Amino acid sequence: QVQLLESGGGLVQAGGSLRLSCAASGRTLSTYAMAWFRQAPGKEREFVARISATDSATYYGDSVKGRFTISRENAKNTVDLQMNTLKLEDTAVYLCAADVRTFSVYTYANPNRYDYWGQGTQVTVSS
């Protein structure tokens, strides 16, 4: 079992920045591919970013590319999401997820690929 806990959400004005963090209890996150998704009310879960386990390659959803950065903080055993130039449409619950399998039929942007999820942290962007 991998237990994930997100933190860092809050209320921010459009154009501002937030840094989210995902921590794991009892597991070393550097051994897993990790991702951030988000879900707004009434909408499907949307892929935000992923960082690979082997080479720390990163991937981003089109709506956040160039504004968000996913990174590993191995000393803290966290995976962080730096969010800059926030927009109203970034408002959502942000969830981190762990991909512990070596093979999956799902693409990395598909939530079904991920085995463990945190509870989420709310990000609200105001005008």
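Just so you know, these numbers use all the heavy atoms, side chains as well, and skip hydrogens, waters and symmetry mates. Owing to the predicted nature of the structure, the values given are computational and were not obtained by experimental measurement.
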Under 3.5 Å donor-acceptor, [X] side chain and [Y] backbone:
X      : Y      : result
Thr91  : Val125 : yes
Ser104 : Tyr106 : yes
Arg72  : Ser52  : yes

Taking the side chain as everything from C-beta on, heavy atoms only, tell me whether [X] gets closer than 4.5 Å to [Y].
X      : Y      : result
Pro111 : Trp117 : yes
Leu95  : Leu4   : no
Asp99  : Asp115 : yes
Leu18  : Phe68  : no
Leu5   : Ser25  : no
Ile70  : Tyr59  : no

Original post:
Counting heavy atoms not belonging to Gln122, are there more than 12 under 6.0 Å from its CD?
Top reply: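 Yes, enclosed.
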Measure across [X] and [Y] and return the closest heavy-atom pair with its distance rounded to 0.1 Å.
X      : Y     : value
Thr31  : Thr28 : OG1-O, 2.8 Å
Ser17  : Thr85 : OG-N, 4.3 Å
Ala33  : Ala53 : N-CB, 3.6 Å
Ala24  : Val2  : CB-CG1, 4.4 Å
Gly120 : Glu6  : N-OE1, 2.8 Å
Asn74  : Ser30 : OD1-CB, 3.6 Å

Does [X] belong to the same Ile/Leu/Val/Met/Phe/Trp/Tyr cluster as [Y], with side-chain heavy atoms less than 4.5 Å apart forming each link?
X      : Y      : answer
Leu11  : Tyr94  : no
Tyr108 : Val100 : no
Val123 : Val93  : no

**OP:** Could you check whether the rings of Phe47 and Phe37 sit parallel, tilted or perpendicular, using 30° and 60° as the cut-offs?
**Re:** perpendicular
Mind checking the [atom1]-[atom2] spacing from [X] to [Y]? Nearest 0.5 Å is all I need.
X     : Y     : atom1 : atom2 : result
Asp80 : Arg19 : CG    : CZ    : 4.5 Å
Tyr32 : Arg27 : OH    : CZ    : 4.5 Å
Glu46 : Trp36 : CD    : CH2   : 14.5 Å
Thr58 : Lys65 : OG1   : NZ    : 10.0 Å

Original post:
With the threshold set at 4.0 Å, does a side-chain nitrogen-carboxylate oxygen contact exist between Lys87 and Asp90?
Top reply: no
Looking only at side-chain N and O atoms, does [Y] offer a donor or acceptor that is under 3.5 Å from a partner on [X]?
X      : Y     : value
Tyr114 : Arg50 : yes
Asn84  : Gln82 : yes
Glu73  : Ser21 : no

Subject >> Candidate pair Val64 and Arg38, rule side chain to side chain contact (heavy atoms under 4.5 Å, CB included), full reasoning >> reply: CA-CA 11 Å; Val64 306; Arg38 66 187 183 186; 3.9 Å; yes
**OP:** List the steps and the verdict of side chain to side chain contact (heavy atoms under 4.5 Å, CB included) for Glu89 and Ser63.
**Re:** CA-CA 9 Å; Glu89 52 265 40; Ser63 61; over 6 Å; no
Subject >> Under the side chain to side chain donor-acceptor pair (under 3.5 Å) test, residues paired with Thr69 that sit two or more places apart >> reply: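 Residues passing side chain to side chain donor-acceptor pair (under 3.5 Å) with Thr69: none at all.
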